[in-house]
Amino acid sequence: MEEVRVRFAPSPTGYLHIGGARTALFNWLFARRNSGKLVLRIEDTDSDRLKEDSVAQILSSLRWLGVDWDEGPEKGGDFGPYYQSQRQEFYTAAAKTLVEEGKAYYCFCSEEELAKEREERRREGLPLLYSGKCRSLAANEVRERLRQGLKPVIRLKVPNRDRVLVKDIIRGTVSFARDQFDDFIIVKSNGLPAYNFACVVDDHAMQISHVIRAEEHLSNTPKQQLIYEALGYEIPQFAHLSMILAPDRSKLSKRHGATSVSEFKEMGCLPEAVANYLTLLGWSPTEEQGEIISPAEVVSSFSLEKVSKTAAIYDLQKLFWLNGRYITDYDLEKLAFQAVPFLLREGILSPLEAEQNQEYILSVLRTVRDRVKTLRELAEASRYFFRDIEGYEEKGQEKYFGRPGVADLLARGRERLAGVEVFTAENTERAYRDLIAELAIKGGQLIHPTRLALTGRTVSPGLFEVMAVLGRERCLDRLEQAVKFIRLYNAEKEKT
RNA sequence: GGCCCGUUGGUCAAGCGGCCUAAGACACCGCCCUUUCACGGCGGUAACGCGGGUUCGAAUCCCGCACGGGUCACCA
C-alpha cells in the first residue's frame, strides 16, 4: 500500500489557533495510526500578512502540545523546501505548463475593470463571476501586452461540464455545479501563486496522500480538484474537519478570550490537558478508554470515518476540569517544573528561593494540587507557604477571630503545638484533638481560627497537613502573631 | 443572495432501521464523607429542530422547511 503522507499547512499570520491545533493534532493522529509521515509546510506567500515571530510561535505551540512532525521547518526532509516562499520555481513551472497546454491563460483585466464588471453583474442579479473575456486573447496580442510591461494574472481555463464531485472521507461525496466557478486566478500579477494553486502544486510535489484540514476549505476543494485535473495529477483523499465555534456559535476570534494555544499555556493549562481536550472535540473514545486519554493512546483506534461532522463549541469548563485532573495525577517533579514559572511570575518565589527549596516546593505542591484547576490557581493557593501572611480574609475575621476567648484558645493551641516533637500531620492533629477533648469544645471552634491564623484564609488543604508542611517554627510564629492581632482587633472593636 | 456542510440535553458526544420509555463526560442541583474548600461516593434535572414521506417498525433512510456555520478575493 502507498505510504500515508499528510500535512499541516499553517499560514504564519499569528499564533496557533485552537482550531489549527486540532487540525494539526488530527493529522498527527492519522499519520501515526497509519505509520505515515506528517509534513509541516508554511504557507507564507502573502508577505503583507506575515507576522514576525509567527512561525517560531506556531512551532513551539505544536511541540508544546506534543505534535511532532517528520518533515518541515527545523527538521528538513526530501520534499523541501517547506516554506512556500521558497518554492516559487515549482509554481512557475506548473503555471507555464498549463499556459502552454492551453489550460490556463493570461488575463490583463485591471482591478477597476473587474470591479465594474462585477457591479454590472450585481445589478443584473447574476453570480459575481469573471466573464472570461481574456480567454480568447490572441497569442500575438498577449505577447504585445507583455512587451508593454503589463503584469497579467494567470487564470485557469475551467472546462465545460456539469458538476465537480469531491470525495470526502468524513462527508461523503459532495457535488458542486460547474456554474459556481469562473476562470479563477492561479497566479497573481506579482507572479506569486494564489492559495489554491500553491496548495495543489505542493501537495502533489510532497506526495501528500490525504488532505486533512478544516471545513472552511471544503468549498475550495472543487477548484483545487480542477487544478489537479488540469495538471494531470492524482487527486489525494480529502477529509474536512468540522469547525470549532465560540460559545455564541460564531466563528472564533480574539474577542472570545483565549483562543490560541499559547494563551491556554499562559492561563496555566498543562499541555497534556489541552491535547486531551482537543482530541475530544470531534473524536470520541470507547467506553473502556474513558475520556482522560492522551493522543498517543488514541492512535491505535483512530479513524477519520469516526470523526464528528458537527461543528463543536469549545467549553472552557471541561478543559479546566481535565486540567485539574492532570494536575492531581501529574508526576510531582514534572508538575514542579511546570508550576515554578508561575510562582516566579507571581512573585511568590524568587529564582534563588526556587533553586534552594526544591523539597519544600514539592511538599507544598503535593498538598495543594488536589484542589486547583490551573497552574495559576496552584500558585495562588501556594502563596502563604512561601510568603508571610499579609492580612486575614475579611469575612473570616469577624467569624473566627471575633468570638470571645479566641485569643486564649489559640494561645493554648500554640502551646500544645510547641510540645509536639516530630511535627507531622498525625502528631499535630493528636495534639489538637487532645486539647479539643479536654476543653470539651467542638473541633471547628479551634480549627477554623487556627486555619485563619496560619493561612490568612478560610479555605485551605487539611489543616494538619498545612501545619506539617509549614513546620513548627512558622506555625508558632503565625499563631503568636494572630493572638496579638486578635487582642488588638477586639480592643478596637470595644472602643467603637 | 448563489452554492456547500451541518442540526441528539447548557456543552462535548454514543447511536449507523427494532437492543432507545436514547449511553457516557463536563456543567448544574440534592444527599453522603468532612475542620474549610476541593476530591470522592450516591442520586437527580435535562435532548433526537419542524413538517411530510418510506417501512410492520425511524434519532437512524428520503424530500421540504427552519435555523446555524462555511464559502463565493490578485487572503490563506
Side-chain angles (χ1 to χ4, degrees), chain A residues 9-13 43-46 48-49 84 107 109-111 114 118 122 125-129 151-155 166 168 170-172 174-177 179-182 184-196 198-199 214-223 240 242-243 245 247 249-251 277 280-287 290-292 305-306 308-322 324-325 328 368-373 381 396 400 429 432-433 436 442-452 455 457-464:
Chain A
S11 178
T13 54
E43 308 220 328
D44 56 351
T45 55
D46 181 20
D48 290 354
R49 297 180 59 217
Q84 288 193 326
C107 167
C109 297
S110 68
E111 296 200 39
L114 292 175
R118 221 174 281 148
R122 191 197 312 277
L126 296 166
L128 308 177
L129 302 175
K151 298 279 183 227
V153 299
I154 300 177
R155 291 180 182 271
V166 172
D168 186 284
I170 296 174
R171 280 151 225 285
V174 184
S175 166
F176 297 84
D179 61 18
Q180 290 304 306
F181 314 109
D182 55 7
F184 56 90
I185 292 169
I186 56 176
V187 176
K188 305 186 250 181
S189 57
N190 61 8
L192 296 178
Y195 163 72
N196 285 312
C199 186
E215 191 184 355
E216 52 186 322
H217 292 292
L218 184 55
S219 305
N220 281 320
T221 310
K223 288 187 186 176
H240 288 92
S242 57
M243 309 279 297
L245 267 24
R249 298 208 132 272
S250 69
K251 195 171 179 175
Y277 180 68
L280 258 21
L281 243 37
W283 174 260
S284 47
T286 63
E287 202 119 340
E291 291 198 335
I292 300 200
E305 285 79 4
K306 278 170 36 186
S308 165
K309 301 187 219 310
T310 322
I313 294 169
Y314 84 113
D315 177 22
L316 252 19
Q317 275 184 320
K318 184 147 184 179
L319 204 211
F320 288 147
W321 170 76
L322 273 169
R325 291 293 304 262
T328 45
V368 298
R369 67 156 153 188
D370 286 356
R371 22 183 58 83
V372 297
K373 296 216 182 311
Y400 301 130
E429 173 152 23
Y432 251 46
R433 294 288 178 203
I436 287 162
K442 283 197 165 176
Q445 283 180 259
L446 178 58
I447 285 168
H448 292 304
T450 302
R451 167 175 294 109
L452 190 60
T455 69
R457 304 178 189 187
T458 57
V459 307
S460 80
L463 182 64
F464 304 105

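Reminder, nothing fancy here: chain letters follow the sequence lines and each chain counts from 1. Bear in mind the structure is a predicted one, so any value in this text is a computation, not a measurement.
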> What residues, two or more places apart in sequence or in another chain, satisfy salt bridge (charged side-chain N to carboxylate O under 4.0 Å, His left out) together with A:Lys373?
Replying inline: none

>> Does A:Cys107 reach a base, just sugar-phosphate, or nothing at all? Heavy atoms under 4.0 Å.
In response: nothing

> Taking CZ from A:Arg457 and C1' from B:C37, how many angstroms apart are they, rounded to a whole number?
Replying inline: 12 Å

> Does A:Ser242 reach the side chain of A:Lys309, with side-chain heavy atoms less than 4.5 Å apart?
Replying inline: no

> Within the structure, does a side-chain N or O atom of A:Lys188 lie under 4.0 Å from either OP1 or OP2 of B:A76?
Replying inline: yes

>> I want to check a possible cation-pi pair here: A:Lys223 against A:Phe184, using under 6.0 Å from ring centre and within 45° of the ring axis as the test.
In response: yes

> Atom CG of A:Leu129 and atom C1' of B:G1: how far apart are they, to the nearest Å?
Replying inline: 13 Å

>> Any base atoms under 4.0 Å from A:Tyr314, or only sugar-phosphate, or nothing? Heavy atoms, all strands.
In response: nothing

> Does A:Arg325 come within less than 4.0 Å of A:Glu291, counting only side-chain N to carboxylate O?
Replying inline: no

> Going by modelled atom types, is there a donor-acceptor pair between the base of B:C5 and the side chain of A:Arg171 at under 3.5 Å?
Replying inline: no

>> I need the A:Asn196 CG to A:Asn220 CG distance, nearest 0.5 Å.
In response: 4.5 Å

> So what does A:Thr13 touch, heavy atoms closer than 4.0 Å: a base, only the sugar-phosphate, or nothing?
Replying inline: nothing

>> Please tell me if A:Ser284 has a side-chain N or O lying less than 4.0 Å from either OP1 or OP2 of B:C12.
In response: no

> Taking atom P of B:U8 as reference, at what distance in whole Å does atom CD1 of A:Ile313 sit?
Replying inline: 10 Å

> Does any nucleotide pair with B:C33 by Watson-Crick or G-U wobble geometry, both distances under 3.5 Å, and what is it?
Replying inline: none

> Reckon A:Gly324 touches a base, only the sugar-phosphate, or nothing at all at heavy-atom distances under 4.0 Å?
Replying inline: nothing

> Contact class for A:Thr310 (heavy atom, under 4.0 Å): base, sugar-phosphate, or nothing?
Replying inline: sugar-phosphate

Pull out every protein N or O sitting under 3.5 Å from an N or O of nucleotides 46-48 of chain B, one pair per line with the distance.
none

> In whole angstroms, how far is the P atom of B:A14 from the CD atom of A:Glu305?
Replying inline: 14 Å

>> For a quick test of reading the model: is some side-chain N or O of A:Arg433 closer than 4.0 Å to OP1 or OP2 of B:U35?
In response: yes

> A:Lys318 NZ to B:C28 P: how many Å, rounded?
Replying inline: 14 Å

> What is the distance from NZ of A:Lys223 to C1' of B:A76, rounded to the nearest Å?
Replying inline: 12 Å

> Should B:U7 form a Watson-Crick or G-U wobble pair with both distances under 3.5 Å, which nucleotide is its partner?
Replying inline: B:A66

>> Expressed as a whole number of angstroms, how long is the span from A:Leu322:CG to B:A27:C1'?
In response: 13 Å

> Is any NZ, NE, NH1 or NH2 atom of the basic residue among A:Lys251 and A:Glu216 found under 4.0 Å from an Asp or Glu carboxylate oxygen of the other?
Replying inline: yes

> When we call it a touch if two heavy atoms are under 4.0 Å apart, what does A:Asp168 touch: a base, just sugar-phosphate, or nothing?
Replying inline: nothing

>> Counting the atoms with a prime plus P, OP1 and OP2 as sugar-phosphate, which does A:Leu280 contact under 4.0 Å by heavy atoms, base, sugar-phosphate, or nothing?
In response: sugar-phosphate

>> If only side-chain N and O atoms count, and only distance matters, is there a donor-acceptor pair under 3.5 Å linking A:Arg451 with A:Ser460?
In response: yes

> Which part of the nucleic acid, if any, lies within contact of A:Ala177, taking any heavy atom under 4.0 Å across all strands shown: a base, the sugar-phosphate backbone alone, or nothing?
Replying inline: nothing

Find every protein N or O atom lying less than 3.5 Å from an N or O atom of nucleotides 66-70 of chain B, and list the pairs.
residue, atom, partner, partner atom, Å
B:G68, O2', A:Arg249, NH1, 3.4

>> Taking donor-acceptor contacts at under 3.5 Å, does the side chain of A:Asp315 reach the base of B:A27?
In response: no

>> Distance check needed: B:U71 C1' versus A:Phe176 CZ, whole Å only.
In response: 9 Å

